[in-house]
Amino acid sequence: MPGFEFFGPEETKEVNEVMENGVTFRYNFDGVRGDQWKARQMEQMIQEQMNVKHAHLVSSGTAALQVALAAMGVGAGDEVIVPPFTFVASVEAVIAAGAIPVFAEIDETLCLSPEGIEAAITPRTKAVNLVHMCGSMAKMDEIKAVCDKHNLLLLEDACQAIGGSYKGQALGTIGDAGTYSFDSVKTITCGEGGAVITNRDDVYGHSHMYSDHGHDHVGMDRGAEDHPIMGLNYRISEMNAAVGVAQMRKLDKIIATQRYNKAKIKNAIKDISDIQFREIPCEEGDSAGFLSFILPSEQRALEINKKLAENGVDGCFYWYGNNWHYVKNWKHIQNLTAPAKLPIELIEDRPDYTNIQTPKSDDIMSRTISMLIKLSWTEEQMDARIEGIKKAFA
Ligand SMILES: *Cc1c(COP(=O)(O)O)cnc(C)c1O
């Protein structure tokens, strides 16, 4: 990570092809586009590579979450179980849907735990927004069983975990729908972009319509199309999709590079007694975008985080103290601060977000550090990094 480290003439060529025929719109213009469909092409590449029936590109990962929630039928007054450790979009998308985020506990996988989900279920629970954080996955068999038992929809946010899998199935393809982000710092990028992936025909149908004002996309005359549902505009442009086409071709190499680099560092530091690696339920499916480890105490984590920086080990994240990835720092979410009145404010018995209790997650995240695994590292740079880590722990 990130995919932009592998930018080359391939991305430029794809974008130029779009600009040369001048059709930047992903639909229609059949006569003048010379059979060039970058968004469709990238969707097909995702379907083939991930072995999933449908992929639909949208303008961002956040848009993908909003589209997926609507397409699955999650809306006003529904409760959606979310993790306290995630990118803030996971919660924003639920609130934008008029639904009610309910925070549940994570475990040492750094993802929602099956027990955490089960403890947060109420008669109003409609879905689980399961986030595969930092390149690796949750305990999918157990979580799927909890969702099936309670008849809950399962959305897998794989925005940080494209290329990862669980027992041979691509992350994002196991639940009712999954999402990817192709923003500028993700594993592969479109500049900005995202995707909804699903094996359900109905969820796909709602996704492509909802993300384009309800257009049914039947026929070749956009003006004459029917609009079975309402929607909004979350379309991706052909320029963005063109970058993604080139990046998709590099995904295997990106994942292989991450895995090699991560294994080298992980192996070299595995005997440091203070380090407990994050639990990975399916090791061979790790996308290896991050190396995450849990320390014995919060104080030790703070100390190590500081010493890593002092020893030149950059790209480390102490998420617990970070503004965007842990619930305790999200004052705007806690206070529901928005420019206008929110649907959730009409729900009197909503949770008190100023008093979210996730003690187990606090305990884990206050002791966790993640290191971004870069693609461009040389062997020498990795050796220096390993030395830096050893010094930080000495
Ligand atoms: C990046 C990210 C998103 C949002 O994607 P954007 O394309 O930036 O809107 C959502 N969820 C997770 C877990 C992410 O990491």
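All ligand and atom numbering here is 1-based and tracks the order in the structure.
Which parts of ligand 1 touch V131 is read off a 4.0 Å heavy-atom cut-off, strictly below it: atoms 13 (C). Proximity to S60 (heavy-atom distance under 4.0 Å) selects the following atoms of ligand 1: 7 (O), 9 (O). Ligand-side atoms of ligand 1 in range of D183: 1 (C), 6 (P), 7 (O), 8 (O), range being under 4.0 angstrom from any heavy atom.
H132 does not count as a contact of ligand 1, since none of its heavy atoms falls under 4.0 Å from the ligand.
Polar contact with ligand 1: present for G61 (N/O pair, distance under 3.5 Å).
For atom 1 (C) of ligand 1, the closest non-hydrogen atom on the protein side is K186 NZ, 1.6 Å. The protein non-hydrogen atom at the shortest distance from atom 11 (N) of ligand 1 is D157 OD2, 2.8 Å. Counting protein heavy atoms only, atom 3 (C) of ligand 1 is closest to F87 CD2, 3.7 Å.
Seen from the ring of Y180, K186 does not count as a face-on cation partner, given the 6.0 Å and 45° thresholds.
Of the candidates S181, C190, C159, S181 brings a heavy atom nearest to atom 5 (O) of ligand 1.
How far OG of S370 is from CD1 of I294: 9.0 Å, rounded to the nearest 0.5 Å.
The ring-ring contact (aromatic ring centres under 6.0 Å, His included) test with F85 singles out one residue from F317, W319, W324, F103, and that residue is W319.
Nearest heavy atom pair, residue A301 against residue I369, reads O-CD1, 3.5 Å.
The proximity of T62 to ligand 1, defined as any non-hydrogen pair under 4.0 Å, involves the side chain as well as the backbone.
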*Could you please spell out the steps behind the side chain to side chain donor-acceptor pair (under 3.5 Å) verdict for N329 and Y320?*
CA-CA 8 Å; N329 305 316; Y320 192 63; over 6 Å; no
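In summary, R222 and D212 engage in a salt bridge, as defined by a charged side-chain N under 4.0 Å from a carboxylate O.
Using a 3.5 Å distance cut-off with no hydrogens or angles, the side chains of H325 and N322 do pair a donor with an acceptor.
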